[in-house]
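Remarks on the structure that follows.
Counting convention: from 1, in listed order, for ligands and their atoms alike.
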Amino acid sequence: MGHHLEIQALLIALLGFMFIGKSQGNVHYYDFVVEEKNFTKLCSTKSILTVNGSFPGPTIRVQKGDTAFVTVHNKGSYGVTIHWHGVKEPRDPWSDGPENITQCPIPPGTSFRQKLAFTSEEGTLWWHAHSSWSRATVHGAILIFPVNQTSYPFPQPHAQETFIIGEWYKGDVQQIITSALASGGEPNSSDAYTINGEPGHFYNCSRETTYHSWVDYGKTYLFRIINSAMNEEHFFGIAHHRLTVVGIDASYTKPFKTSFIVIGPGQTMDVLVTADQPPRQYYIAASPFYDGNAPYDNSTATAILQYKAYTYNQSNSDDKSSSSSRAIPFPMLPALNDSGTAVNFSKRLRSLASKDHPVDVPKNVSRRIFMTVSINVLPCANSNCSGPNGTRLSSSFNNISFRIPKIDILQAYYWNISGVFTGDFPDEPPLYFNFTGDVVNTTMIPSTGTRVIMLDYKEVVEIVWQGTSLVGPENHPLHLHGFSFYVVGIGLGNFNNVSDPLSYNLIDPPLVNTFGLPKNGWVAMRFVADNPGVWYMHCHLDRHTSWGMDTVVIVRDGGTPQTSMLPPPKYLPPCS
Ligand code: C2O
Ligand code: CU
């Protein structure tokens with residue numbers, strides 16, 4: 001009898017195992033309705049594009065290994081696309097989303113179903129529109145839980161909360177970028193930053209709606225921070241509370257304590273916070289880190305960390321900042337242009353590299369790409385554009401300003417449509433000079449083209465991104481679709497290909513999808529080209545993307561069905 005039961009249990013376990021092996025986790029279905037909705041902020045009401053009427057949009061919740069199908073219904077008035085930032089989408093660029101890179105926009109009145117295959121990611125990612133500037137209001141969180149919900153590589157948090165840093169424009173964002181591209185000048189900066197859609201106490205007409213995060217004294221929380229801002233990196237901190245960074249871009253890090261984080265657009269960071277301070281209200285703040293020389297929004301978004309046991313003057317709804325004894329403590333954040341602090345913060349990020357969460361850092365590089373990252377200017381007829389000295393602002397990788405084609409690159413590649421792109425993005429810049437010299441050089445005119453990087457399947461790639469002081473040196477949050485990459489080196493000045501590799505971290509470098517290239521510095525990253533497809537690479541500051549700080553990586557098929565791109569879905573939005 002006992003024996004029989006044992007065999008039965010074994011059979012059930014075996015069947016269960018086979019079933020899990022086959023089904024690859026749970027399947028989730030979401031409907032994303034893209035539609036206009038009125039929101040009132042900063043004393044005025046405007047209509048913005050949203051998903052399901054909310055700002056930020058809905059949260060996708062999955063476990064590692066799950067699959068989600070999202071049907072995007074465009075009920076707006078212009079074409080949009082949605083991208084799942086940091087989801088690698090193995091062999092399936094068809095669902096990745098960037099406009100005219102992997103698909104044409106979803107026309108108003110139509111729907112497009114995308115498949116999100118979660119494989120190695122665990123932690124926090126996000127989704128956002130990837131067409132023109134619509135991501136300003138069309139974005140939301142993706143939370144990827146460990147398989148059994150409890151196997152975090154840190155003590156189980158009491159609860160968790162997501163904080164999305166956003167950027168609010170009083171004007172229409174599409175209008176702002178359209179007119180900036182027409183004039184050649186800087187786009188208008190935003191009018192507020194937001195935390196979970198709310199600007200907070202330091203803006204007009206915003207006090208009543210400030211976001212509150214309620215905590216119990218003595219408990220530890222997992223806070224997931226996402227920077228969805230358009231054009232600014234941020235410092236983020238909570239008054240009197242230490243943050244323990246445990247994850248970045250859905251990959252675990254060696255825990256480290258800090259009083260603030262530096263987070264660029266595109267990045268996500270998971271931190272543990274223990275509510276161990278005298279129960280009251282504390283400010284949570286996001287203020288810009290900006291080390292460039294263009295106009296920017298110098299304001300601060302706040303939310304409130306509120307201890308549940310604390311009773312405050314209900315009639316005022318929040319403690320009055322004016323009365324000093326009751327003033328809500330504010331976090332100490334670095335000066336807004338503190339590049340050094342931002343670099344030091346980056347250097348503290350290390351992969352967890354544990355038995356359960358090992359690293360696999362590529363050692364034998366087979367393809368090296370040295371890529372300059374620059375702001376440029378283009379000459380303008382009659383010198384009457386709005387860039388510096390009547391020029392037109394531009395930007396480039398290896399002095400090539402990327403031109404987005406009319407037909408998406410993925411379809412052009414898959415169906416061999418010629419004349420859309422060329423596979424000749426160079427592995428070096430056209431000229432070596434003192435990239436990071438003091439003199440701000442405005443003489444390098446970029447060429448324009450749709451030149452992409454062609455990689456063989458399983459090529460072991462190292463890319464060194466080299467910042468330059470052309471026109472406007474600043475930090476650039478650089479992002480690659482389809483992969484996570486190891487940041488093996490970070491430095492200031494010009495990269496030295498003899499001495500700098502000697503100090504690479506090949507033991508526990510951070511594994512990310514977006515990383516801040518320091519102002520006048522360099523970043524060395526590595527990845528294995530094991531994901532056949534068409535993958536966008538760009539600066540995640542949207543004005544730089546719009547000016548051409550982009551390219552595409554195409555990974556060729558590996559020669560077997562299992563190492564080749566999946567076929568396209570039955571329906572793709574048409575390219576008009
Ligand atoms: Cu956050 Cu091209 O993406
Ligand atoms: Cu940039």
Side-chain angles (χ1 to χ4, degrees), residues 56 81-89 93 95-103 121 124-136 138-142 164-167 186-187 226-233 249-250 263-268 289-294 296 339 342 371-376 393-397 401-402 404 408-410 446 465-484 512-521 523 533-553:
T81 70
I82 308 282
H83 165 58
W84 324 99
H85 178 118
V87 183
K88 296 182 192 78
E89 301 282 34
S95 283
D96 194 46
E99 176 180 38
N100 290 13
I101 306 295
T102 64
Q103 69 170 88
E121 307 88 354
T124 308
L125 292 172
W126 62 302
W127 56 267
H128 60 80
H130 213 308
S131 40
S132 184
W133 274 27
S134 41
R135 81 170 178 85
V138 178
H139 59 249
I142 301 177
I164 302 184
I165 302 168
E167 208 166 354
E186 289 282 354
I226 298 167
N227 192 343
S228 77
M230 297 297 282
N231 286 307
E232 313 296 347
E233 289 116 342
D249 291 2
I263 184 166
Q267 290 187 297
T268 65
F289 157 51
Y290 182 63
D291 58 4
N293 56 15
Y296 61 96
S339 309
M371 194 184 291
T372 55
V373 178
S374 305
I375 303 293
N376 305 88
L393 283 160
S394 177
S395 62
S396 63
F397 286 147
S401 187
F402 194 75
I404 307 274
D408 66 86
I409 294 176
L410 175 54
W465 283 307
Q466 172 70 63
T468 77
S469 57
L470 299 178
V471 185
E474 65 173 283
N475 191 299
H476 300 279
L478 300 174
H479 173 47
L480 174 61
H481 291 213
F483 297 91
S484 285
V512 300
N513 61 56
T514 307
F515 205 78
L517 169 62
K519 175 181 183 172
N520 282 328
V523 158
V534 171
W535 308 108
Y536 202 20
M537 180 195 286
H538 60 93
C539 178
H540 221 290
L541 303 180
D542 266 54
R543 62 188 202 287
H544 296 176
T545 319
S546 303
W547 292 336
M549 197 176 274
D550 337 20
T551 187
V552 161
V553 168

Practice item. Of all N, O or S atoms in H85, identify the one at the shortest distance from atom 1 (Cu) of ligand 1. Key: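 In H85, the heteroatom (N, O or S) nearest atom 1 (Cu) of ligand 1 is ND1.
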
Exercise for review: Could you tell me which N, O or S atom of H128 is nearest to atom 1 (Cu) of ligand 1?
Suggested key: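 Among the N, O or S atoms of H128, the one closest to atom 1 (Cu) of ligand 1 is NE2.
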
Check your understanding: Tell me, which protein N/O/S atoms are under 2.8 Å away from the Cu ion (ligand 2)?
Key -> H476 ND1, C539 SG, H544 ND1

Exercise for review: Indicate if the distance from atom 1 (Cu) of ligand 1 to the nearest N, O or S atom of H130 falls below 2.8 Å.
Suggested key: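 Not a single backbone or side-chain N, O or S atom of H130 is under 2.8 Å from atom 1 (Cu) of ligand 1.
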
Check your understanding: Do you see an N/O/S atom of H540, backbone or side chain, under 2.8 Å from atom 1 (Cu) of ligand 1?
Key ->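 Short answer: yes, at least one N, O or S atom is under the cut-off.
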
**Study point:** Residue pair W133 / S546, side-chain donor-acceptor N/O under 3.5 Å
**Key:** yes

**Study point:** From L470, V471, T468, residue fulfilling side chain to side chain contact (heavy atoms under 4.5 Å, CB included) relative to I375
**Key:** V471

Under 3.5 Å, side chain of [X] to main-chain N/O of [Y], donor-acceptor pair present?
X    : Y    : answer
S401 : S395 : yes
E121 : V87  : no
W126 : S228 : no

Review point. Any ion pair linking K519 and E233 (charged N to carboxylate O, less than 4.0 Å)?
Key: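 Looking at K519 together with E233, the answer is no, because their closest N to O distance does not fall below 4.0 Å.
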
**Study point:** Reference residue H128; test ring pair (Phe, Tyr, Trp, His ring centres under 6.0 Å); the match among H479, H139, H85
**Key:** H85

Check your understanding: Is it true that some N/O/S atom of H83, main chain or side chain, lies under 2.8 Å from atom 2 (Cu) of ligand 1?
Key ->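 Of the N, O and S atoms in H83, none lies under 2.8 Å from atom 2 (Cu) of ligand 1, which means no.
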
Check your understanding: Once the angle between the rings of Y536 and H130 is folded into 0 to 90°, is it parallel (under 30°), tilted (30 to 60°) or perpendicular (over 60°)?
Key -> tilted

